[in-house]
Peer 1: 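Dropping a structure here in structure tokens format, bear with me for questions.
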Amino acid sequence: MKWNGQDVSLYAQSKEFVDTGIVPLIPYSLSGSEKELTQLANQSELLTLFMKEVEEEYRGRIFLAPSFTYLKETSIDKEIERINEWAERMEAEGFKHLLFFTFDQQWKKAERKLNPSLIWMPIPQVQDIHNEEAKKVLRSQIEQVTELITAYWQE
Amino acid sequence: MSDKKQPVSRRQFLNYTLTGVGGFMAAAMLSPMVRMAVDPVLQPKEGGEFHATGTEVKNITEEPTRVDFSYEQQDAWYVSEVSKTAWVYKNESGDVIAFSPICKHLGCIVKWEGGQGNENQYYCPCHGGLYEKNGENVPGTPPLAPLDQYKVKIQDGMLYLGEVIPNKVV
């Protein structure tokens, strides 16, 4: 389920079945060279698409929160607090598995300080996310991630 | 003016030209209006459309297999590519059956013989929902209805799938 009117009303009716929250962590910045900015924006687009696909596969048990967006320039320690707060609120609503997804390696180093599980993924090297070849690469990554999520459920 | 008999008088000539030019102008104004008014009638029907799956019917077995297909869908001016999945098999009498993989509980994607020990059943990884091969939901598991199916069309030995309809096999 996603953060839109229709899905949220379904969520409210079937709260007891939804125990997994996924949140994409998306950095944003407008300072940098053209190449850096393009990369950053592509990452954001890619992660959003990724999360959407994962949600579609398991929409009855997963809630996809709106993206957690932060300025690339902000110190990561400030954001850790905010992330933990998001996670706390979701836990209070009965979420048992919280997975925060990112392509930004800064988080990997700060993982210990994060309460929810962090899933850092290397950026898939695709030129254009809309062509057929890229779709295949993404498809296989999405499958691996959905398998990982089922592994969490079997704990 | 000469005294010779005029085949067309000045008055007649002007009348003809004015009617002609006026007629063209009226047509230029009216034809786009008429086209717009009848436009909905000329649109192709959306509902009964079938989409190619690229699967040959002779390759379909009695074992449900996953068929992925995609097509372009038009919402007003916006065209988007839609991907769909179906579980396809042949029943005892050789008819092709295609099920929508969307769990009737909360909409996850079901898998044929997914999970452990679910032989000859569809399994939903989210809440353990089970369906028999004919799409019938197994009592005692969360789903309350059988899997929906696609309308099936076979043309030149290829499989085409249409809209999703309630299960008619059970």
Side-chain angles (χ1 to χ4, degrees), chain A residues 1-2 4 6-22 45 48-64 94-97 99 128-140 142-155, chain B residues 51-54 65-75 78-87 99-118 121-131 135 137-138 140-148 150 164:
Chain A
M1 286 162 224
K2 293 189 285 278
N4 67 32
Q6 204 185 349
D7 283 14
V8 170
S9 103
L10 182 64
Y11 166 72
Q13 288 166 30
S14 37
K15 250 181 154 175
E16 71 268 32
F17 294 108
V18 184
D19 68 348
T20 306
I22 55 174
E45 211 180 333
T48 312
L49 183 77
F50 212 93
M51 292 287 98
K52 196 184 131 251
E53 295 283 324
V54 172
E55 185 267 341
E56 264 165 29
E57 195 97 354
Y58 292 150
R59 63 187 321 250
R61 191 166 171 181
I62 283 183
F63 188 85
L64 168 62
F95 283 89
K96 289 191 193 71
H97 309 283
L99 306 167
D128 174 18
I129 62 171
H130 302 291
N131 75 26
E132 277 307 308
E133 204 48 41
K135 271 185 196 158
K136 265 184 209 152
V137 174
L138 283 184
R139 194 69 245 161
S140 93
I142 288 161
E143 260 163 43
Q144 290 176 46
V145 169
T146 49
E147 264 169 45
L148 177 74
I149 293 174
T150 25
Y152 272 93
W153 288 344
Q154 272 144 21
E155 266 173 23
Chain B
H51 307 286
T53 60
T65 34
R66 187 183 165 130
V67 170
D68 292 299
F69 63 105
S70 60
Y71 56 91
E72 278 179 351
Q73 182 176 285
Q74 198 169 359
D75 299 312
Y78 184 72
V79 180
S80 56
E81 176 142 336
V82 194
S83 313
K84 292 272 159 104
T85 302
W87 287 106
F99 286 125
S100 155
I102 296 172
C103 182
K104 296 299 278 181
H105 177 220
L106 287 169
C108 296
I109 306 291
V110 301
K111 289 194 177 83
W112 175 248
E113 300 193 335
Q116 267 163 7
N118 303 313
Q121 282 176 325
Y122 298 95
Y123 169 72
C124 175
C126 285
H127 304 101
L130 288 170
Y131 302 86
N137 50 307
V138 175
T141 63
L144 297 171
L147 289 173
D148 287 333
Y150 287 100
V164 173

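In what follows, chains are A, B, ... by sequence order, proteins preceding strands, each numbered from 1. Here the structure is a predicted model, which means the values were calculated and not measured. Below, all heavy atoms of this structure are taken into account, side chains as well, without hydrogens, waters or symmetry copies.
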Peer 1: Distance-only, no hydrogens or angles: does the B:H105 side chain make a donor-acceptor pair with backbone N or O of A:G60 under 3.5 Å?
Peer 2: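 Looks like no, no N/O pair under 3.5 Å.
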
Peer 1: To the nearest 0.5 angstrom, please state how far the CG atom of B:L106 sits from the CD atom of A:Q13.
Peer 2: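 One gets 9.5 Å once the value is rounded to the nearest 0.5 Å.
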
Peer 1: What are the two closest heavy atoms between A:R59 and B:G107, and how far apart are they?
Peer 2: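 Closest approach of A:R59 to B:G107, heavy atoms only: CG-O, 3.0 Å.
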
Peer 1: With only heavy atoms counted, which part of A:I149 is less than 4.5 Å from chain B, the side chain, the backbone, both or neither?
Peer 2: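 Nothing of A:I149, per the 4.5 Å heavy-atom cut-off to chain B.
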
Peer 1: Calculate, to the nearest 0.5 Å, the distance between atoms CZ and CG belonging to A:R139 and B:D68 respectively.
Peer 2: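 It comes to 7.5 Å.
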
Peer 1: Pick one of side chain, backbone, both or neither for A:E55, based on which atoms fall under 4.5 Å of a heavy atom in chain B.
Peer 2: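 A:E55 has no heavy atom closer than 4.5 Å to chain B.
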
Peer 1: With the side chain counted from C-beta on, respond yes when A:F17 and B:C126 share a heavy-atom pair under 4.5 Å apart, and no when they do not.
Peer 2: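 The answer is no, as the side chains (C-beta and beyond) never meet within the 4.5 Å cut-off.
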
Peer 1: Any chance you could measure B:S83, atom OG, to A:E53, atom CD, to the nearest 0.5 Å?
Peer 2: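 If I round to the nearest 0.5 Å, the distance is 7.0 Å.
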
Peer 1: Would you say that more than 12 heavy atoms from the other residues, nucleotides or ligands in this model lie under 6.0 Å from the CD of A:Q6, or not?
Peer 2: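 Count not over threshold, so no.
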
